[in-house]
Amino acid sequence: MCVRSQVAEMHGELMEFSDHLHRQLQYKEHHLRRLREELVDLRGPLAEPQTSDDDLSITSDYDTSSMSVSARALINIWIPSAFLRGKSSDAHHVYQVYVRIRDEEWNIYRRYAQFYELHSSVKKVHVAVNSFDFPPKKALGNKVCCRVLK
């Protein structure tokens, strides 16, 4: 075999291998995006890094644990669910409040009235809170028990 044909054959193999690696990388980046979305669904919003989308590939060695504390959100709070508790006239909704401060996490369960009481107390101490409207109390479903007539 001549040198040119060996070089051409090696070049073809390298191109094929490069294409294979590129497809694997795309699959893994897609899988990583799906896992990040799933993590957001389970734990809430993640701190956004100060990088472009191109820097978030697998090959960039992106790792949130290496981010400085100032670059990460220190506090995340959200309400992932509400539950109906009690029977008939005592039925009420309890809200699950998920709180994450740095690496510490809590689930807190409170009623609407408790949130309203907290809001009212904070308004008295911090005047700026008066500019925020407290959401109205609404039923999240029909709490009335249906009765079957005989």
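Everything numeric in this text was worked out from a predicted model, so none of it was measured.
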**Request:** Indicate the ring-plane relationship of Tyr27 and His31, choosing parallel, tilted or perpendicular according to the 30° and 60° boundaries.
**Result:** parallel
So CZ of Arg36 and CG of Leu39: to nearest 0.5 Å the spacing works out to 9.5 Å
inquiry  = Any non-hydrogen side-chain atom of Arg34 less than 4.5 Å from a side-chain atom of Leu32?
reply    = no
message: Any heavy-atom pair between the side chains of Val125 and Val122 that's under 4.5 Å?
response: no
| said: If we ignore hydrogens and angles and just use 3.5 Å, is the side chain of His126 paired with the main-chain N or O of Lys124 as donor and acceptor? | reply: no
**Prompt:** Where does the angle between the aromatic ring planes of Tyr116 and Tyr112 fall among parallel (under 30°), tilted (30 to 60°) and perpendicular (over 60°)?
**Reply:** parallel
So OG of Ser5 and CD of Glu9: to nearest 0.5 Å the spacing works out to 7.0 Å
Run the side-chain contact (heavy atoms from CB on, under 4.5 Å) test on His119 and Phe134 for me, step by step, so that the C-alpha distance in whole Å, both residues' side-chain angles and the decisive distance to 0.1 Å come before the verdict. CA-CA 8 Å; His119 179 75; Phe134 195 76; 3.4 Å; yes
Exercise. Please check if Leu14 and Val3 belong to a single hydrophobic cluster, counting links between Ile, Leu, Val, Met, Phe, Trp and Tyr side chain heavy atoms closer than 4.5 Å.
Key: no
Is there a side-chain contact between Ile77 and Val97 (heavy atoms, below 4.5 Å)? yes
- [ ] Take Ile108 and Arg110 through the side-chain contact (heavy atoms from CB on, under 4.5 Å) test and state the conclusion after the steps.
- [x] CA-CA 7 Å; Ile108 302 164; Arg110 297 290 186 267; 3.3 Å; yes
Quick one: do Trp106 and Tyr95 end up in the same hydrophobic cluster if we chain Ile, Leu, Val, Met, Phe, Trp and Tyr together by side-chain heavy atoms under 4.5 Å apart? yes
On a heavy-atom basis, the closest approach of Gln96 and Ser81 is OE1-OG, 2.7 Å
If only atom types and distance count, is the side chain of Glu29 paired as donor or acceptor with the main-chain N or O of Gln26 below 3.5 Å? no
### Query
Would you call the rings of Phe83 and Tyr109 parallel, tilted or perpendicular if under 30° counts as parallel and over 60° as perpendicular?
tilted
To the nearest 0.5 Å, atom OG of Ser18 lies from atom NE2 of His11 at 10.0 Å
- Item | Heavy-atom side-chain contact between Leu21 and Gln24 under 4.5 Å | yes
Side-chain contact test, heavy atoms from C-beta onward, threshold under 4.5 Å: evaluate it for Tyr98 versus Glu105 and give yes or no. yes
